[in-house]
Amino acid sequence: VQLQAFGGGLVQGGGSLRLSCAASGMIFHINAVGWYRQAPGKQRELVATITSSGSTNYAGSVKGRFTISRDNAKNTMYLQMNSLKPEDTAVYYCNAQVVAGTINDRSLGDYWGQGTLVTVSS
(Lines give C-alpha, C1' and ligand atoms only; values in the text may rest on other atoms or scores of the structure.)
Protein backbone atom coordinates (compact mmCIF):
# COMPACT_ATOMS: atom_id res chain seq x y z
CA VAL A 1 0.00 0.00 0.00
CA GLN A 2 1.25 3.47 -0.89
CA LEU A 3 -0.08 6.88 0.02
CA GLN A 4 0.79 9.80 -2.24
CA ALA A 5 0.10 13.30 -1.01
CA PHE A 6 0.09 16.40 -3.17
CA GLY A 7 -1.31 19.91 -3.31
CA GLY A 8 1.11 21.80 -1.10
CA GLY A 9 2.73 25.05 -2.08
CA LEU A 10 3.28 28.69 -1.22
CA VAL A 11 0.25 30.81 -0.37
CA GLN A 12 -0.31 34.21 1.19
CA GLY A 13 -1.88 34.50 4.60
CA GLY A 14 -5.66 34.34 4.32
CA GLY A 15 -5.48 32.15 1.25
CA SER A 16 -6.58 28.58 0.64
CA LEU A 17 -5.05 25.28 -0.41
CA ARG A 18 -6.46 21.82 -0.94
CA LEU A 19 -4.35 18.80 -0.16
CA SER A 20 -5.08 15.38 -1.60
CA CYS A 21 -3.80 11.95 -0.67
CA ALA A 22 -4.42 8.91 -2.82
CA ALA A 23 -3.98 5.36 -1.58
CA SER A 24 -3.02 2.57 -3.95
CA GLY A 25 -2.23 -1.12 -3.71
CA MET A 26 -4.09 -4.26 -2.73
CA ILE A 27 -6.59 -2.39 -0.58
CA PHE A 28 -9.56 -4.18 0.88
CA HIS A 29 -10.84 -1.44 3.17
CA ILE A 30 -9.64 1.89 4.55
CA ASN A 31 -10.61 2.64 8.13
CA ALA A 32 -9.75 5.98 9.71
CA VAL A 33 -7.59 8.45 7.78
CA GLY A 34 -6.00 11.66 8.89
CA TRP A 35 -3.70 14.56 8.24
CA TYR A 36 -0.77 15.47 10.45
CA ARG A 37 1.80 18.23 10.18
CA GLN A 38 5.29 18.95 11.36
CA ALA A 39 6.66 22.46 11.52
CA PRO A 40 10.42 23.12 11.66
CA GLY A 41 11.79 22.31 15.08
CA LYS A 42 8.48 20.93 16.32
CA GLN A 43 6.95 17.51 16.80
CA ARG A 44 4.44 16.07 14.37
CA GLU A 45 0.91 16.96 15.42
CA LEU A 46 -2.59 15.87 14.53
CA VAL A 47 -4.51 18.17 12.21
CA ALA A 48 -7.69 16.23 11.46
CA THR A 49 -9.06 12.72 11.19
CA ILE A 50 -12.12 11.14 9.59
CA THR A 51 -13.51 7.65 10.12
CA SER A 52 -14.88 5.40 7.41
CA SER A 53 -18.39 6.45 8.46
CA GLY A 54 -17.53 10.15 8.17
CA SER A 55 -17.02 11.22 11.78
CA THR A 56 -14.43 13.97 11.98
CA ASN A 57 -12.06 15.33 14.59
CA TYR A 58 -9.97 18.51 14.37
CA ALA A 59 -7.16 20.13 16.26
CA GLY A 60 -8.36 23.24 18.01
CA SER A 61 -5.98 25.42 16.03
CA VAL A 62 -7.60 24.52 12.69
CA LYS A 63 -11.23 24.01 13.68
CA GLY A 64 -13.50 26.17 11.56
CA ARG A 65 -10.79 26.78 8.95
CA PHE A 66 -9.86 23.29 7.72
CA THR A 67 -12.17 20.56 6.43
CA ILE A 68 -11.20 16.92 6.05
CA SER A 69 -13.11 14.68 3.66
CA ARG A 70 -12.71 11.41 1.82
CA ASP A 71 -13.88 9.69 -1.33
CA ASN A 72 -14.07 6.00 -0.49
CA ALA A 73 -14.66 5.01 -4.11
CA LYS A 74 -11.38 6.65 -5.09
CA ASN A 75 -9.41 5.71 -1.95
CA THR A 76 -8.58 9.38 -1.62
CA MET A 77 -8.68 11.84 1.26
CA TYR A 78 -8.65 15.62 1.15
CA LEU A 79 -7.83 18.55 3.40
CA GLN A 80 -9.38 21.88 2.43
CA MET A 81 -7.47 24.63 4.19
CA ASN A 82 -8.98 28.12 4.30
CA SER A 83 -7.93 31.31 6.07
CA LEU A 84 -4.38 30.07 6.22
CA LYS A 85 -2.00 31.62 8.73
CA PRO A 86 1.82 31.70 8.80
CA GLU A 87 1.70 29.32 11.76
CA ASP A 88 0.12 26.71 9.49
CA THR A 89 3.45 26.43 7.67
CA ALA A 90 4.60 22.83 7.91
CA VAL A 91 5.08 19.58 6.07
CA TYR A 92 1.69 17.88 5.95
CA TYR A 93 1.46 14.09 6.06
CA CYS A 94 -1.49 11.86 5.35
CA ASN A 95 -2.09 8.70 7.33
CA ALA A 96 -4.42 5.77 6.82
CA GLN A 97 -5.38 2.59 8.63
CA VAL A 98 -5.68 0.13 5.75
CA VAL A 99 -6.81 -3.47 5.54
CA ALA A 100 -4.86 -4.82 2.60
CA GLY A 101 -3.93 -8.10 0.98
CA THR A 102 -5.65 -10.93 -0.77
CA ILE A 103 -9.03 -12.46 -0.02
CA ASN A 104 -7.38 -15.18 2.06
CA ASP A 105 -4.56 -13.15 3.56
CA ARG A 106 -5.43 -9.66 4.79
CA SER A 107 -3.99 -7.54 7.55
CA LEU A 108 -4.45 -4.09 9.05
CA GLY A 109 -1.57 -1.69 8.63
CA ASP A 110 -0.71 1.92 9.39
CA TYR A 111 0.55 3.85 6.38
CA TRP A 112 2.01 7.32 5.84
CA GLY A 113 2.35 9.50 2.78
CA GLN A 114 5.60 11.20 1.87
CA GLY A 115 4.58 14.66 3.04
CA THR A 116 3.81 17.84 1.16
CA LEU A 117 5.14 21.25 2.16
CA VAL A 118 2.73 24.09 2.87
CA THR A 119 4.26 27.55 3.27
CA VAL A 120 2.09 30.48 4.31
CA SER A 121 3.60 33.92 3.95
CA SER A 122 2.62 36.85 6.13
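- Listed by chain and residue number, T76 satisfy the side chain to side chain contact (heavy atoms under 4.5 Å, CB included) test with A22 (two or more places apart in sequence, or in another chain).
- Closest approach of N31 to H29, counting heavy atoms only: OD1-CD2, 2.6 Å.
- Every residue meeting the side chain to side chain contact (heavy atoms under 4.5 Å, CB included) condition with S122, not counting sequence neighbours, appears here in chain and number order: P86.
- Every residue meeting the side-chain hydrogen bond (donor to acceptor under 3.5 Å, both in side chains) condition with N72, not counting sequence neighbours, appears here in chain and number order: R70.
- Residues satisfying the side-chain hydrogen bond (donor to acceptor under 3.5 Å, both in side chains) test with S24, not counting sequence neighbours, are none.
- For R65, the salt bridge (Lys or Arg N to Asp or Glu O under 4.0 Å) partners at least two apart in sequence or on another chain are D88.
- Residues passing the side chain to side chain contact (heavy atoms under 4.5 Å, CB included) test with S55 are T51, S53, sequence neighbours excluded.
- Under the rule for a side-chain hydrogen bond (donor to acceptor under 3.5 Å, both in side chains), Q38 has no partner lying at least two apart in sequence or in another chain.
- Sorted by first then second residue, the side-chain hydrogen bond (donor to acceptor under 3.5 Å, both in side chains) pairs that include residues 1-23, not counting sequence neighbours, are S16-N82.
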Chi angles and distances behind the side-chain contact (heavy atoms from CB on, under 4.5 Å) call for Y78, T67 | CA-CA 8 Å; Y78 306 95; T67 302; over 6 Å; no

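- Applying the side-chain hydrogen bond (donor to acceptor under 3.5 Å, both in side chains) rule to D110 yields the partners N95, Q97, W112; only residues at least two apart in sequence or on another chain are considered.
- For E87, the salt bridge (Lys or Arg N to Asp or Glu O under 4.0 Å) test picks out no residue, with sequence neighbours left out.
- Evaluation of the disulfide bond (SG atoms under 2.5 Å apart) test over residues 60-104, restricted to residues two or more places apart or in two chains, returns C21-C94.
- Residue M81 is found in a hydrophobic cluster whose other members, listed by chain and number, are V1, L3, V11, L17, L19, I27, I30, V33, W35, V47, I50, Y58, V62, F66, I68, M77, L79, L84, Y92, V98, Y111, V118, V120; membership requires side-chain heavy atoms under 4.5 Å apart, directly or through intermediates.
- Taken from OG1 in T119 to CG in L10, the straight-line distance is 6.0 Å, to the nearest 0.5 Å.
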